[in-house]
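Notes follow once the structure below has been shown.
All values below come from the heavy atoms of this structure, side chains included, with hydrogens, waters and symmetry mates left out. For ligands, and for the atoms within them, numbers begin at 1 and follow the listed sequence.
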Amino acid sequence: MPKTAFITGVTGQDGAYLAEFLLKKGYIVHGLKRRSSSLNTDRIDHLYLDPHAKNPNFVLHYGDLTDSTNLIRIIQEIQPDEIYNLAAMSHVKVSFDTPEYTANADGIGTLRILEAIRLLGLSQKTRFYQASTSELYGLVQEVPQTERTPFYPRSPYAAAKLYGYWITVNYREAYNIFASNGILFNHESPIRGETFVTRKITRAVSKIALGMQDTLFLGNLSAKRDWGHAKDFVKAMYLILQHDTPDDFVIATGKTTEVREFVRMAFREAGAEIEFKGQGVEEIGIIASSTGEFAEKLRVGSTVVRIDPRYFRPTEVDLLIGNPQKAKDLLGWEPKYDLAMIVKDMMESDLKLMTKDKYLKDGGFNVHNYFE
Ligand code: NAP
Ligand code: F7E
């Protein structure tokens, strides 16, 4: 019998990669999708089958993490072997604007699923994965961060995820549910949401290289993140649920890089070297040299990066770097992508995306197989 998985957040970056990964392993995959006024299934369109097809292996259900009745009904219907709770209001800056909703979806939403497992008598059948986050470490108490590092959340998002983390541990201890946390550090890809800093940078640099935009406005360039590739990270989610015992794991690359350096790396992919000058909100990024295909648009001396304080956060997380040793030892997990490969992957994809004709000729995301 094939295993059945239920993925919340299936239309998001990780949901799309995980769905494809599990389908390739022979799973029947059910995904939770929010109703929206326009189509938002770009990332999973290549997996979707006509609902009239016989025995489809990929099925979407309308639903929302804020609606327990709907979660209970879907879980009862599917009787999943594994649930991956990836749905969340996942933008740290936006969580300061929508704190109550963030707590409801990211915090209580986790509880709703765990309660559904318990109430439906699935405690011994269904394994549960919670998308926990390096944001829990916030104002870091130790460098690098491990599973034992104390948490210090610095945003409504992180505070909501803190509840999600602990309620997962509690249901494991109280009801013997196979419930595990993956404490994932930042992970990126060509299908990363457009307002997270890496994708914002690769999209803007592509547009600047093609003469479609002049300036990239950013917030705190000095923040440091441990960036991995989403493809590597969804494999870790799967391995966490295949382990003999439920447990909590840090998933990270063990390297950290400044936002400023990510900008340099992205421009380098387009053939330009960037020099940063000035301090604080006056800091600017100037093209110091350029060669190759885009040199004409990437004019030496032009200012292509500026600071806009609107992107600063009321409380910032300055530095994150994880130690993934436990995942390596117990799960045999190691990332294949380093940051240079990630930047290359994202820049290639965004340059293609911005030259729409070529992109559409290649079929857009619809023919994309992430794991080929
Ligand atoms: P993402 O691209 O923002 O995707 C979030 C998904 O959650 C989308 O499918 C979204 O639906 C859905 N969603 C949001 N609110 C919902 C609600 N109330 N009910 C049902 N679905 C809802 O996020 P991601 O980068 O794939 O991250 C996946 C998970 O890992 C999230 O929980 C995130 O907080 C966590 N995480 C991410 C990272 C990272 O670096 N990517 C690191 C650690 C943890 P729509 O498509 O309709 O918006
Ligand atoms: O910011 C700085 C910003 O929004 C990274 C989510 O997936 O990872 C993500 O959260 C850094 C921050 O990701 C801009 O201040 C500078 O220091 O890409 P981000 P995040 O906040 O780290 C964690 C692990 C999650 O769990 C979350 O769900 O970059 N930064 N200038 C900027 N950030 C953005 N978004 N935009 C800027 O213009």
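Nearest non-hydrogen protein atom to atom 31 (N) of ligand 2 is G219 N, 2.8 Å. If you check which protein heavy atom lies closest to atom 38 (C) of ligand 1, you get H187 CE1, 3.2 Å. Among all protein heavy atoms, the one lying closest to atom 32 (C) of ligand 2 is V197 CG2, 3.4 Å. Protein heavy atom closest to atom 46 (O) of ligand 1, with residue, atom name and distance, is T11 OG1, 2.6 Å. Here the protein heavy atom with the shortest distance to atom 23 (O) of ligand 1 is S90 OG, 3.5 Å. In terms of protein heavy-atom proximity, atom 20 (P) of ligand 2 is closest to N186 ND2, 3.7 Å. The nearest heavy-atom contact from the protein to atom 10 (O) of ligand 2 is V92 CG2, 3.6 Å. For atom 6 (C) of ligand 1, the closest heavy atom belonging to the protein is G9 CA, 3.6 Å. For atom 43 (C) of ligand 1, the closest heavy atom belonging to the protein is L184 O, 3.1 Å. Nearest protein neighbour of atom 14 (C) of ligand 1, counting heavy atoms only, is A88 O, 3.1 Å. Summary of contacts: the protein heavy atom closest to atom 38 (O) of ligand 2 is K200 NZ, 2.8 Å. The protein heavy-atom contact nearest to atom 12 (C) of ligand 2 is R225 NH2, 3.4 Å. Nearest protein heavy-atom neighbour of atom 44 (C) of ligand 1: S132 O, 3.5 Å. When only non-hydrogen protein atoms are considered, atom 28 (O) of ligand 2 lies nearest to S90 O, 2.7 Å. For atom 26 (O) of ligand 1, the closest non-hydrogen atom of the protein is D14 N, 2.8 Å. Closest protein heavy atom to atom 15 (O) of ligand 2: E316 OE2, 2.6 Å.
K24 and E20 are joined by a salt bridge, as a carboxylate oxygen and a charged side-chain nitrogen come within less than 4.0 angstrom of each other. Salt bridge annotation for K255-D338: absent, with no cationic side-chain nitrogen under 4.0 angstrom from a carboxylate oxygen. We find that D350 and R199 are joined by a salt bridge, their nearest charged nitrogen and carboxylate oxygen being less than 4.0 Å apart. One finds no salt bridge joining E115 and R112 here, because no Lys/Arg side-chain nitrogen approaches an Asp/Glu carboxylate oxygen to under 4.0 Å. In this structure, R172 pairs ionically with D248, as a charged nitrogen and a carboxylate oxygen lie closer than 4.0 Å. Ion pairing between R225 and E135 holds under the 4.0 Å rule for side-chain N and carboxylate O. A salt bridge does not link K277 with E283: none of the charged nitrogens is closer than 4.0 Å to a carboxylate oxygen. A salt bridge does not link E82 with R127: none of the charged nitrogens is closer than 4.0 Å to a carboxylate oxygen.
Near Y101, meaning under 4.0 Å from any of its heavy atoms, are these atoms of ligand 1: 15 (N), 16 (C), 17 (C), 18 (N). Close approach of ligand 2 to S134 is summarised as follows: ligand atoms under 4.0 Å from at least one heavy atom of the residue are 24 (C). Of all atoms in ligand 1, listed by their number and element, those nearer than 4.0 Å to a heavy atom of A131 are 29 (C), 30 (O), 32 (O), 35 (C). Applying the 4.0 Å criterion to heavy atoms of Q13 picks out, from ligand 1, the atoms 2 (O), 25 (O), 26 (O), 41 (N). Close contacts between ligand 1 and N186 involve ligand atoms 40 (O) [criterion: under 4.0 Å to a heavy atom].
Residue-level proximity to ligand 1 for Y17 is absent, since no heavy atom of it falls below 4.0 angstrom. The proximity of S36 to ligand 1, defined as any non-hydrogen pair under 4.0 Å, does not occur for either the backbone or the side chain. Contacts with ligand 2 closer than 4.0 Å are made by side-chain heavy atoms of R313 only, the backbone lying farther away. In R34, the part holding a heavy atom less than 4.0 Å from any atom of ligand 1 is the side chain. Contact annotation for H91 and ligand 1: no heavy atom of the residue comes within less than 4.0 Å of the ligand. Only the side chain of Y157 comes within contact range of ligand 2, with a heavy atom under 4.0 Å; no backbone atom does. Here R192 has side-chain heavy atoms under 4.0 Å from ligand 1, and that is the only part of it that gets that close.
A donor-acceptor pair is defined here as one N or O able to donate and one able to accept, closer than 3.5 Å; such a pair exists between the side chain of Q242 and the backbone of Y238. With N70 contributing its side chain and Y62 its backbone, the two residues share a donor-acceptor pair below 3.5 Å. With hydrogens and angles ignored, the 3.5 Å screen pairs no side-chain donor or acceptor of N186 with any backbone N or O of W227. T126 places a side-chain N or O within donor-acceptor distance of the main-chain N or O of P80, the cut-off being under 3.5 Å.
T146 and N323 are not linked by any side-chain donor-acceptor pair at a separation below 3.5 angstrom, with hydrogens and angles left out of the test. Counted by atom type alone, T8 and N85 present one or more donor-acceptor pairs between their side chains at under 3.5 Å. Side chain to side chain, Q130 and T168 fail the donor-acceptor criterion of an N or O pair below 3.5 Å. A donor and an acceptor atom, one from each side chain of D106 and T102, are nowhere located under 3.5 Å apart. Residues T245 and D247 bring no donor and acceptor atom of their side chains to less than 3.5 Å of each other.
Partners of Y175 under the side chain to side chain contact (heavy atoms under 4.5 Å, CB included) rule, at least two apart in sequence or in another chain, are R118, Y171, I177. Legend: residues meeting ring pair (Phe, Tyr, Trp, His ring centres under 6.0 Å) with F233, ordered by chain and number and at least two apart, are H187, W333.
Residue A105 has no nitrogen or oxygen atom sitting less than 3.5 Å from a nitrogen or oxygen atom of ligand 1, judged on distance alone. Note: an N/O pair closer than 3.5 Å links N40 and ligand 1 by distance alone. Any N or O atom pair closer than 3.5 Å counts here, and L32 shares no such pair with ligand 1. The distance criterion of under 3.5 Å between nitrogen or oxygen atoms is not met by T133 with respect to ligand 1. Taking distance alone, with nitrogen or oxygen atoms compared against 3.5 Å, R43 stays at or beyond that limit from ligand 1. Here's the thing with E188: none of its N/O atoms is less than 3.5 angstrom from an N/O atom of ligand 1. Between T66 and ligand 1, not a single N/O pair is under 3.5 Å apart. Considering backbone and side-chain atoms together, L65 places an N or O closer than 3.5 Å to an N or O of ligand 1.
In this structure, F128 and L241 approach most closely via the heavy-atom pair O-CD2, 3.6 Å.
Annotation: cation-pi pair K3/Y27 absent, no NZ/CZ under 6.0 Å from the ring centroid and within 45° of its normal.
Under a 4.0 Å heavy-atom criterion, K161 is in contact with ligand 1. For the ligand labelled ligand 1, residue F233 lies outside the 4.0 Å heavy-atom shell. Between R199 and ligand 2 there is no heavy-atom distance shorter than 4.0 Å. Within the 4.0 Å heavy-atom shell around ligand 2 one finds R192.
Relative orientation of the F21 and F371 rings is tilted, given thresholds of 30° and 60° on the angle between their planes. The aromatic rings of Y84 and Y129 sit tilted, their planes meeting at an angle between 30° and 60°.
The option from D14, T198, T195, N220 that lies nearest to atom 35 (N) of ligand 2, judged by heavy atoms, is T195.
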